[in-house]
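Since this is a predicted model, take the numbers as computed values, not measurements. Index from 1, following the sequence.
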Amino acid sequence: MYGSFVSRNLRNRAASSINWFSKSNLSRCVHSLPFATVKAEEVSASQPAEVLNLVQGKWTSSSTWNTIPDPLNGESFIKVAEVNQKEIKPFVDSLAQCPKHGLHNPFKAPERYLMLGDVTTKAAQKLALPEVSDFFAKLIQRVSPKSYQQAFMEVFVTQKFLENFCGDQVRFLARSFGVPGNHLGQQSHGFRWPYGPVAIITPFNFPLEIPLLQLMGALYMGNKPLLKVDSKVAIVMEQMLRLLHDCGLPAEDVDFINSDGVTMNRVLMEGKPRMTLFTGSSRVAEKLALDLGGRIRLEDAGFDWKILGPDVQEEDYVAWVCDQDAYACSGQKCSAQSILFMHENWGKSSLLEKLSGLAARRKLEDLTIGPVLTVTTEAMLDHLNKLLKIKGSRLLFGGEPLQNHSIPAVYGAIKPTAVFVPLEEILKDENYDLVTKEIFGPFQVVTEYKQNEVPLILKALERMHAHLTAAVVSNDPLFIQNIIGNSVNGTTYVGLRARTTGAPQNHWFGPAGDPRGAGIGTPEAIRLVWSCHREVIYDNGPVPQNWSTPQAT
């Protein structure tokens with residue numbers, strides 16, 4: 001979601017956190033976290049961590065334990081209590097016990113708005129503590145390897161989101177409006193209403209930010225959520241739920257389930273949540289939309305594009321942003337730069353040379369490049385070889401497996417890769433689906449266009465199926481106007497500093513062009529995803545004097 005686009009003061013804060021968390025402080029700090037049941041740096045094959053389920057206010061185990069391999073060496077280092085299909089009844093019953101009108105709404109238990117504001121305040125304060133933010137950053141690194149800066153910024157953005165909704169901000173989300181009626185005593189009022197029992201399903205790549213932001217939004221609006229996070233990274237949210245309980249969140253307010261996809265699908269079919277938020281694969285999203293009869297919001301995958309306009313400037317900066325967008329977190333962002341359209345003026349610049357040099361700096365030792373958790377090395381190289389068969393295609397850089405590592409074969413490990421494909425070849429029917437296939441790893445397609453070929457770019461954009469993020473790197477207002485007016489991506493950055501990644505907590509992040517699209521992070525996103533509109537019309541009278549029963553109509 002976000003990138004390394006942080007101001008100098010944020011970088012300083014990250015550095016100070018690292019310095020503060022010296023070896024002399026390590027033991028004292030870990031033992032001072034009353035909510036934690038693990039020590040992030042000690043999770044290993046010799047000291048495996050355990051992840052439990054939470055249902056109806058109680059932490060529970062299961063009859064089946066799924067062992068998670070360490071993404072850096074393949075050793076089993078986490079045991080997850082995964083619920084099987086015979087054990088789903090408590091979760092189904094818990095969903096059924098929540099009424100359609102929710103745990104609270106503007107007419108029911110309004111004190112819960114205040115309670116959640118207080119919980120959020122305490123959680124924001126705790127997550128701002130260096131020992132707590134460091135704990136979560138390092139726990140994220142253990143299960144979804146990325147550089148410390150990237151992991152820390154995920155925690156930082158999450159903490160800032162919590163700050164945004166402290167105190168009265170929760171009840172302000174439920175702000176209503178009134179409209180005068182037709183006669184004395186009549187007024188119509190619009191209210192934001194919860195769905196009641198809801199479900200949240202989130203992926204591995206942002207194990208804290210995505211599930212927590214959606215979870216809190218669901219709670220704020222009065223829903224009771226059942227949360228499922230990818231088992232590979234579920235330990236992060238399990239620990240975060242324990243922190244929330246320590247801050248006063250009632251244990252019964254959220255259920256937390258670990259299971260495989262088939263079991264979770266059955267929970268949804270039997271539990272019948274009134275709304276489900278799904279972030280992840282487009283293929284799974286479409287299946288769930290059918291299974292759930294459309295009662296779903298989606299933030300699915302994206303083949304995200306960036307267009308470099310005709311005005312070439314600040315080559316070093318633009319190259320750095322392109323490197324961050326394509327390869328930070330090993331390309332495992334739903335907002336990662338998947339295809340780069342270069343104006344011919346950029347093709348004549350040193351951009352590609354600079355981009356290749358930046359990509360070459362990335363190394364496994366500091367996790368600026370690392371394991372790809374959903375695509376194998378073989379699959380990524382196979383995709384590369386298919387692209388290289390297209391007429392005029394060529395490898396720009398990368399295209400080789402990482403060397404000297406112990407990453408298990410079930411995961412991917414390749415150097416940051418870019419392949420050039422001619423624009424006219426991309427648009428051919430026999431090539432288009434192949435070129436625009438999303439590879440959730442450090443992989444991008446690059447192409448070049450002439451000024452008179454802008455309509456061809458717009459044609460390529462129109463044919464894409466997912467419309468999450470995009471960037472138009474230009475300060476030419478007419479060029480920007482043309483591209484924005486003829487495209488649809490929900491989170492689009494424009495200007496010299498435009499990027500595809502980097503979503504903080506202060507703006508909408510989500511797709512557009514699909515009525516099922518879900519946003520995250522802002523009050524508008526929370527209201528859209530986690531509440532519906534209810535109209536209450538007050539008509540108190542008085543009845544007009546001398547009123548009599550009229551003729552039937």
Does the pair Ser231 and Asn66 meet the rule for a side-chain hydrogen bond (donor to acceptor under 3.5 Å, both in side chains), with working shown? CA-CA 8 Å; Ser231 290; Asn66 179 18; 4.7 Å; no
Is there a side-chain contact between [X] and [Y] in this structure, where contact means two heavy atoms from C-beta onward sitting under 4.5 Å apart?
X	Y	result
Trp530	Ile200	yes
Thr202	Asp230	no
Thr37	Arg242	yes
Asn73	His405	no
Lys79	Val51	no
Leu373	Gln332	yes
Leu340	Val445	no
Val419	Val446	no

side-chain contact (heavy atoms from CB on, under 4.5 Å) partner of Pro371, the single match among Pro71, Pro69, Pro408: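 It is Pro71; the other options fail the test.
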Apply ring-ring contact (aromatic ring centres under 6.0 Å, His included) to Phe91 and list each qualifying residue two or more places apart in sequence or on a separate chain.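 So Phe91 forms no ring-ring contact (aromatic ring centres under 6.0 Å, His included) with any residue.
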Listed partners of Phe161 passing ring-ring contact (aromatic ring centres under 6.0 Å, His included), at least two apart: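 With neighbours one apart ignored, the set is Phe165.
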Measure from the ring center of Phe35 to the ring center of His245 and say whether it is less than 6.0 Å.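 No; His245 has its ring centre 6.0 Å or more from that of Phe35.
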Can you check whether His507 and Tyr493 have ring centres sitting under 6.0 Å from each other?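 Centroid distance His507-Tyr493: below 6.0 Å, so yes.
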For a quick check under 3.5 Å, do [X] and [Y] share a side-chain donor-acceptor pair by atom type?
X	Y	answer
Glu82	Thr64	no
Tyr327	Gln337	no
Thr469	Asp304	yes
Ser133	Gln159	no
Asp366	Thr368	yes
Thr263	Asp260	yes

Any donor-acceptor N/O pair, [X] side chain to [Y] backbone, under 3.5 Å:
X	Y	result
Asn53	Trp59	no
Glu299	Gly519	no
Thr500	Ser335	yes
Thr276	Val198	no
Ser144	Ile140	no

Distance, nearest 0.5 Å, that separates [atom1] of [X] from [atom2] of [Y]:
X	Y	atom1	atom2	answer
Phe136	Thr158	CZ	OG1	9.5 Å
Phe77	Ser44	CZ	OG	9.5 Å
Leu227	Leu241	CG	CG	6.5 Å

Would you say Glu50 has more than 12 foreign heavy atoms packed within less than 6.0 Å of its CD?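 Atom CD in Glu50 is packed in, count exceeds 12.
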Does atom CD of Glu524 have more than 12 heavy-atom neighbours from other groups under 6.0 Å away?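 Count over threshold, so yes.
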With salt bridge (Lys or Arg N to Asp or Glu O under 4.0 Å) as the test, would you mind laying out the steps for Lys122 and Asp246 before giving the verdict? CA-CA 9 Å; Lys122 294 174 183 176; Asp246 194 54; over 6 Å; no
Sort out for me which residue in Arg499, Arg497, Lys306 forms a salt bridge (Lys or Arg N to Asp or Glu O under 4.0 Å) with Asp325.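 Of Arg499, Arg497, Lys306, salt bridge (Lys or Arg N to Asp or Glu O under 4.0 Å) with Asp325 is met by Lys306 alone.
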Test salt bridge (Lys or Arg N to Asp or Glu O under 4.0 Å) on Asp323 and Lys354 and set out the steps. CA-CA 9 Å; Asp323 173 73; Lys354 294 179 184 297; over 6 Å; no
Before you tell me yes or no, could you show the steps for Glu154 and Lys146 under salt bridge (Lys or Arg N to Asp or Glu O under 4.0 Å), namely the whole-Å CA-CA distance, both residues' side-chain angles and the distance that decides it to 0.1 Å? CA-CA 11 Å; Glu154 181 177 350; Lys146 58 185 80 172; 3.2 Å; yes
One thing to verify: whether Lys138 and Glu42 come together as a salt bridge, which I'm taking to mean a side-chain N less than 4.0 angstrom from a carboxylate O.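 No, this pair does not count.
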Should Asp382 and Lys386 count as an ion pair when the cut-off is N to O under 4.0 Å?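 Yes.
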